[in-house]
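Indexing begins at 1, ligand by ligand and atom by atom, following the structure's order. Keep in mind that this is a model prediction, so the values were computed, not measured.
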Amino acid sequence: MEAAPLLEVENLSVDVFGERGVGRAVDGISFTVRRGEALGLIGESGSGKSLTCLTVMRLNPSPSTRVAGGMLRLDGNDLLRLGEDEMRSYRGRRIAMVLQDPMAALNPVFRIGDQIGEALALHRGLRGAGQEKVALELLGRLRVPDPARTLRSFPHQLSGGMRQRVVSAIALAGQPELLIADEPTTALDVTVQAAYLGLLRQLQRESSLAVLFVTHDLGAIARVCDRVAVMYGGRIVEVADVGTVFRAPSHPYTQALLRSMPDVTRRSDRLDPIPGQPPSVFARKQGCPFAPRCGEAMPRCVEEMPPERSAGPGQVVRCWARGAA
Ligand SMILES: Nc1ncnc2c1ncn2[C@@H]1O[C@H](COP(=O)(O)OP(=O)(O)OP(=O)(O)O)[C@@H](O)[C@H]1O
Ligand SMILES: [Mg+2]
């Protein structure tokens, strides 16, 4: 039996305000993350991935962005209706986030032990010897060599990979059910990335952690994720199991994206960049956002956004040329 959804995002829209007016950067997206599963979120730069993540934490910048509609539920609780105090009690304890730059998440003037300790005190009321014991355990779970010494270190004394493990330890300090990781390995070099991703997958499986994982890296998706959602122009155009996405991508955009990205599983090294540009968030919205760049576009595609259609078991696609209603 499939696990119950932990996070349910339903028809979520987020507007951004800029010099050119209002744009809908997240445009009616729906997806779920089940307990203990890792969902990958993939798509070109500007497609709305980070804004989606921030909005789930209700940390989307204000007043430059605003939720325009839809629902966000965690374990059945409507996050958009929580007061700020209640939402604060969810952050860290139920939903935590790891971002691209670990240095930005750490305070340069405090020792690692103080920073992990602060999270343990805040989320779990742990202090003194009990706190230190759990901090050491957390670093151990993140395979940090010499945890005791690391607790006494300052952020600048650690390597980039170790910093990201420390940031992850802080994120996991409150024993969250959902971890949002927005390009957590982009700032790390390749071998360190691989080690971190392996670790993330292991932690996720050990503690049935649900993960929403944003990346540009298909290899990372293959390593970490169970399912993948593909975003384009603020919309989710395809959701499928990770194996299906690689073997039988359905949406013309997903297919083009796979051809445009380097991939460990592919025999040929040739990359085909997608011609044209992604749409501006401020452009007038009508039809499928990918239609202007799509080799299969029909007149209907520029007029009307297709609804979700089924393209196979567990595979949902929004394309008039694919799937069945
Ligand atoms: N605070 C903001 N104010 C105005 N516009 C914003 C703001 N945050 C995001 N946007 C716009 O919303 C769109 C989506 O941005 P987002 O950061 O979610 O993209 P992304 O998919 O994460 O891209 P990348 O892969 O480059 O990280 C972009 O057009 C961006 O310029
Ligand atoms: Mg981003």
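The cationic group of R94 lies under 6.0 Å from the six-membered ring centre of Y90 and within 45° of the ring axis, placing it in a cation-pi geometry.
For the residue pair Q286/E303, the side-chain donor-acceptor check at 3.5 Å is not satisfied.
The residues R91 and E86 are annotated as not salt-bridged, no charged nitrogen and carboxylate oxygen being separated by less than 4.0 angstrom. Between R227 and D241 no salt bridge is recorded (no basic side-chain N to carboxylate O distance below 4.0 Å). Remark: D114 does not engage R111 in a salt bridge, criterion side-chain N to carboxylate O under 4.0 Å.
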Note down each nitrogen or oxygen pair, ligand 1 side and protein side, whose separation is under 3.5 Å; give only atom names and the distance to 0.1 Å.
from, atom 1, to, atom 2, distance (Å)
ligand 1, 1 (N), S64, OG, 2.9
ligand 1, 18 (O), K49, N, 3.4
ligand 1, 18 (O), S50, N, 3.3
ligand 1, 18 (O), L51, N, 2.9
ligand 1, 21 (O), S47, N, 3.2
ligand 1, 21 (O), S47, OG, 3.4
ligand 1, 21 (O), G48, N, 3.0
ligand 1, 21 (O), K49, N, 2.9
ligand 1, 21 (O), K49, NZ, 2.8
ligand 1, 22 (O), S50, N, 2.9
ligand 1, 22 (O), S50, OG, 2.8
ligand 1, 23 (O), G46, N, 2.8
ligand 1, 25 (O), K49, NZ, 2.8
ligand 1, 25 (O), H216, NE2, 3.0
ligand 1, 26 (O), S45, OG, 2.5

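Of all protein atoms, those that are N, O or S and lie under 2.8 Å from the Mg ion (ligand 2) total 1.
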Walk me through whether K133 and E137 qualify under salt bridge (Lys or Arg N to Asp or Glu O under 4.0 Å). CA-CA 6 Å; K133 181 168 165 278; E137 275 167 18; 3.4 Å; yes
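The closest side-chain heavy-atom distance from I112 to P155 is below 4.5 Å.
Shown here are the side chain to side chain donor-acceptor pair (under 3.5 Å) partners of R81, two or more places apart in sequence or in another chain: D78. Every residue was checked against the salt bridge (charged side-chain N to carboxylate O under 4.0 Å, His left out) condition with E183, not counting sequence neighbours, and none meets it.
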